[in-house]
Amino acid sequence: MSEESRASGPYEEEQARASDADAWATACAEDLAAEKTRRRTEYGPPPGSAAEELKKLVDTVAEKLSGLQSPLLGALAGPTAQQAVRQVVQQAKAAVEPVVERNPEVFDHLAAAGTELLAAYRSAVQAQEYRWTTGAPDLGDDRPGRPDRGEGTGPGERIDLD
């Protein structure tokens, strides 16, 4: 009987660990779902991918342009102008949508690159504004061995051609 209890013991322990792991995974999944629901309620739906956002932008612009009344063309040319605008918008959508559908990850990369460029620009502007507002010396003026220490108003250096 002791052999029988030993044989069933490790198996039962393994099943208990597996059910504990499943219970833990289930509890984590429930907590994650509850947190997502809470955030969705508080902040609204999360933004989609860059490709989805581009499609939404194209649709919104197309809708606004199609409904735009043209006071410059007058009452007679109004319907004709609106039809031309709708045709141009439809052609633009037909050109953009296949590209977005075939390459959605490209737009994600472009959005990430744009974010990085914006962060770099913001950092450069903040550093320059700090120097302007505090009167700190420009970092470029502290170069050793510079023969002309900024006599003129321009950023250039005097070059001796002899």
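Since this is a predicted model, take the numbers as computed values, not measurements.
Connectivity analysis of hydrophobic side chains (ILVMFWY, heavy atoms under 4.5 Å, direct or indirect) links V125 to Y121.
The two residues R102 and E105 have their closest heavy-atom pair at O-OE2, 4.5 Å. Between F107 and N103 the shortest heavy-atom distance is CD1-O, 3.3 Å.
Here the CD-OG1 distance, from Q128 to T133, works out to 10.0 Å after rounding to the nearest 0.5 Å.
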Got a list of side-chain donor-acceptor pairs under 3.5 Å for residues 44-60, not counting sequence neighbours?
{"residue": "S49", "atom": "OG", "partner": "E52", "partner atom": "N", "Å": "3.3"}
{"residue": "E52", "atom": "OE1", "partner": "S49", "partner atom": "N", "Å": "3.2"}
{"residue": "E53", "atom": "OE2", "partner": "G48", "partner atom": "N", "Å": "3.0"}
{"residue": "D59", "atom": "OD1", "partner": "K93", "partner atom": "NZ", "Å": "3.3"}
{"residue": "T60", "atom": "OG1", "partner": "K56", "partner atom": "O", "Å": "2.8"}

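Contacts of E35 classified as side chain to side chain contact (heavy atoms under 4.5 Å, CB included), with partners at least two apart in sequence or in another chain: R38, R39.
Side-chain N or O atoms of S123 include none that pairs as donor or acceptor with a backbone N or O of A119 at under 3.5 Å.
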